[in-house]
Amino acid sequence: MKLSGVELRRVRMPLVAPFRTSFGTQAERELLLVRAVTPTGEGWGECVAMEAPLYSSEYNDAAEHVLRNHLIPALLAAEDVTAYKVTPLLAKFKGHRMAKAALEMAVLDAELRAHDRSFAAELGSTRDSVACGVSVGIMDSIPQLLDVVGGYLDEGYVRIKLKIEPGWDVEPVRQVRERFGEDVLLQVDANTAYTLGDAPLLGRLDPFDLLLIEQPLEEEDVLGHAELAKRIRTPICLDESIVSARSAADAIKLGACQIVNIKPGRVGGYLEARRVHDVCAAHGVAVWCGGMIETGLGRAANVALASLPGFTLPGDTSASGRFYRTDITEPFVLESGHLPVPTGPGLGVTPIPDLLDEVTKAKAWISS
């Protein structure tokens with residue numbers, strides 16, 4: 001497959017409500033979309049980097065720059081491009097996993113559409129729907145938090161994840177557990193907001209029977225997570241620390257995690273995400289699919305990934321309406337706590353031109 005060219009498109013989408021985590025508050029989502037064009041069709045990718053380097057070192061301006069000046073030219077220069085060749089072709093460029101993932105996703109979508117094969121089938125799906133959890137941001141008050149959690153449970157979400165930070169941790173969890181009972185699947189996400197010195201505080205979460213505590217320490221502090229795992233009973237899940245199948249294997253060997261959150265953009269693409277899944281499955285480590293406030297494009301791919309057999313915990317694959325009143329694709333709608341796995345060619349969804357144009361702020365065409 002020879003690439004004819006690649007379109008980069010910057011979009012800005014307002015959120016239903018501000019989403020606050022330990023590293024900041026978002027009222028809108030700026031995204032970089034990638035459209036790979038071939039002589040036989042096209043495919044779409046989505047870069048999950050944020051507007052500023054807060055979740056990781058990657059951010060949209062840098063992702064666009066490296067795509068324009070290095071990654072896309074390397075693929076355009078290749079005589080034959082397939083999704084499985086993207087990583088080798090781009091290997092000389094260090095880092096920039098989210099940008100690489102978006103480009104690989106677009107190439108994979110184009111390739112699978114040409115062969116009338118779905119993302120789910122290509123990745124190894126074993127189910128036709130996936131159980132969905134929802135991520136709940138840090139709120140202004142506990143009564144507000146309880147109202148929001150209650151609303152999501154009424155919508156049918158089967159798992160609740162609470163964002164936490166120092167000063168917003170034990171008491172919110174206690175109140176949610178007391179209000180909604182022991183049967184609610186509940187977990188927390190710290191987004192690296194704590195240190196190993198906070199182990200006694202984090203240990204106070206143990207009585208609440210949480211599924212897990214996600215990424216409590218800095219992403220590079222894998223040994224700290226291994227030590228923390230000895231001091232608290234709540235299972236530790238790694239997110240930011242897992243950037244490849246190799247890093248997952250190392251973290252598991254060190255005892256730094258019992259669970260892994262797989263985010264395809266963070267590990268360099270959906271093919272590497274499948275390798276992370278396989279490594280974890282081989283070691284008996286549960287995985288689930290994280291979310292980065294994707295549009296329907298990224299959501300479709302995430303739902304396909306989450307239908308692999310090792311994804312035994314509900315992911316952050318929430319319905320489109322969780323974050324966007326209007327998505328750029330046909331919306332994903334929750335059905336009895338689940339989302340259907342797309343079965344159409346490639347992603348199984350495409351942007352709706354008018355809706356995409358409404359949120360597009362800039363676009364550029366790159367060809368050889």
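Note that the structure is predicted; figures quoted are calculated from it, not measured.
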Would you find more than 12 non-hydrogen atoms of other residues, nucleotides or ligands less than 6.0 Å from [X] atom [atom1]?
X: Arg246; atom1: CZ; answer: no
X: Lys230; atom1: NZ; answer: no
X: Glu220; atom1: CD; answer: no
X: Glu330; atom1: CD; answer: no
X: Arg127; atom1: CZ; answer: yes
X: His65; atom1: NE2; answer: no

Under 3.5 Å side-chain donor-acceptor pair for [X] and [Y]:
X: Asp239; Y: Tyr55; answer: yes
X: Glu272; Y: Ser244; answer: no
X: Tyr152; Y: Arg322; answer: yes
X: Thr295; Y: Glu46; answer: yes

Same cluster or not: [X] versus [Y], using hydrophobic residues (I, L, V, M, F, W, Y) connected whenever any side-chain heavy atoms lie under 4.5 Å apart?
X: Leu123; Y: Val48; answer: no
X: Leu145; Y: Phe19; answer: yes
X: Ile259; Y: Ile213; answer: no
X: Leu15; Y: Tyr157; answer: yes
X: Val260; Y: Leu313; answer: no

For this session: With sequence neighbours excluded, tell me which residues meet side chain to side chain contact (heavy atoms under 4.5 Å, CB included) with Asp169.
Result: Ile164, Tyr194, Leu201
Where is the tightest heavy-atom contact between [X] and [Y], given as atom of each residue plus distance?
X: Gly124; Y: Pro309; value: O-CD, 3.8 Å
X: Pro207; Y: Arg233; value: N-NH2, 4.1 Å
X: Val303; Y: Val341; value: CG1-CA, 3.8 Å
X: Ile242; Y: Ala251; value: CD1-CB, 4.0 Å
X: Asp116; Y: Pro345; value: OD1-CG, 3.1 Å
X: Ala110; Y: Ala36; value: CB-O, 4.3 Å

Donor-acceptor pairs are to be reported for all side-chain atoms of residues 277-285 against protein atoms at under 3.5 Å, with residues two or more places apart or in another chain.
from, atom 1, to, atom 2, distance (Å)
His277, NE2, Gly310, N, 2.8
His283, ND1, Val279, O, 2.9

Hey, is [X] close enough to [Y] for a salt bridge, meaning N to O under 4.0 Å?
X: Asp61; Y: Arg10; answer: yes
X: Asp316; Y: Arg299; answer: no
X: Arg231; Y: Glu227; answer: yes
X: Lys100; Y: Glu104; answer: no
X: Arg113; Y: Asp109; answer: yes
X: Arg266; Y: Glu240; answer: no
X: Lys161; Y: Glu214; answer: yes

Please examine the side chains of [Y] and [X], heavy atoms only from C-beta on, and report whether any two atoms are closer than 4.5 Å.
X: Pro264; Y: Leu305; value: yes
X: Phe119; Y: Met105; value: yes
X: Val11; Y: Ile328; value: no
X: Tyr59; Y: Leu54; value: no
X: Leu356; Y: Trp44; value: yes
X: Ile160; Y: Val134; value: yes
X: Phe323; Y: Gln26; value: no
X: Cys289; Y: Phe311; value: yes

N/O donor-acceptor pair under 3.5 Å between [X] side chain and [Y] backbone:
X: Asp327; Y: Gly296; answer: yes
X: Arg159; Y: Pro314; answer: yes
X: Asn60; Y: Glu30; answer: yes
X: Tyr324; Y: Ile293; answer: yes
X: Gln215; Y: Leu217; answer: yes
X: Ser129; Y: Pro340; answer: no
X: Ser368; Y: Ser4; answer: no
X: Gln144; Y: Met139; answer: no

For this session: For Glu182 and Asp209, run side chain to side chain contact (heavy atoms under 4.5 Å, CB included): C-alpha distance rounded to whole Å, both residues' side-chain angles, the deciding distance at 0.1 Å, then the answer.
Result: CA-CA 8 Å; Glu182 297 293 328; Asp209 194 27; 4.1 Å; yes
Exercise. Can you pull the salt bridge (Lys or Arg N to Asp or Glu O under 4.0 Å) pairs that have at least one residue in residues 342-357, sequence neighbours excluded?
Worked result: Arg9-Asp357
Exercise. Between Trp168 and Arg20, is there a cation-pi geometry (under 6.0 Å to ring centre, at most 45° from the normal)?
Worked result: no
Seminar exercise, completed: Distance col, row Ser135:OG vs Met292:CE, nearest 0.5 angstrom, shows 11.0 Å
For this session: Kindly compute the distance separating CD (Glu294) from OG (Ser318), expressed to the nearest 0.5 Å.
Result: 9.0 Å
Problem set entry | Chi angles and distances behind the side chain to side chain contact (heavy atoms under 4.5 Å, CB included) call for His96, His70 | CA-CA 11 Å; His96 297 283; His70 301 287; over 6 Å; no
Exercise. Run the side chain to side chain contact (heavy atoms under 4.5 Å, CB included) check on Val184 and Leu153 step by step: do they pass?
Worked result: CA-CA 9 Å; Val184 172; Leu153 291 174; 4.1 Å; yes
For this session: May I ask you to list the residues sharing a hydrophobic cluster with Leu254, side-chain cutoff 4.5 Å, ordered by chain and number?
Result: Val222, Leu223
Exercise. Using links of under 4.5 Å between side-chain heavy atoms of ILVMFWY residues, direct or through other members, which residues join Leu76 in one cluster?
Worked result: Met1, Leu3, Val6, Leu8, Leu32, Val34, Val66, Leu67, Leu71, Ile72, Leu75, Val81, Val86, Leu89, Leu90, Phe93, Leu103, Val107, Ile366
For this session: For Cys132 and Leu334, run side chain to side chain contact (heavy atoms under 4.5 Å, CB included): C-alpha distance rounded to whole Å, both residues' side-chain angles, the deciding distance at 0.1 Å, then the answer.
Result: CA-CA 8 Å; Cys132 296; Leu334 205 65; 3.7 Å; yes
For this session: Any pair with a residue in residues 73-86 that passes side-chain hydrogen bond (donor to acceptor under 3.5 Å, both in side chains), sequence neighbours left out, goes on the list, sorted by first then second residue, please.
Result: Asp80-Lys85, Tyr84-Glu122, Tyr84-Arg274
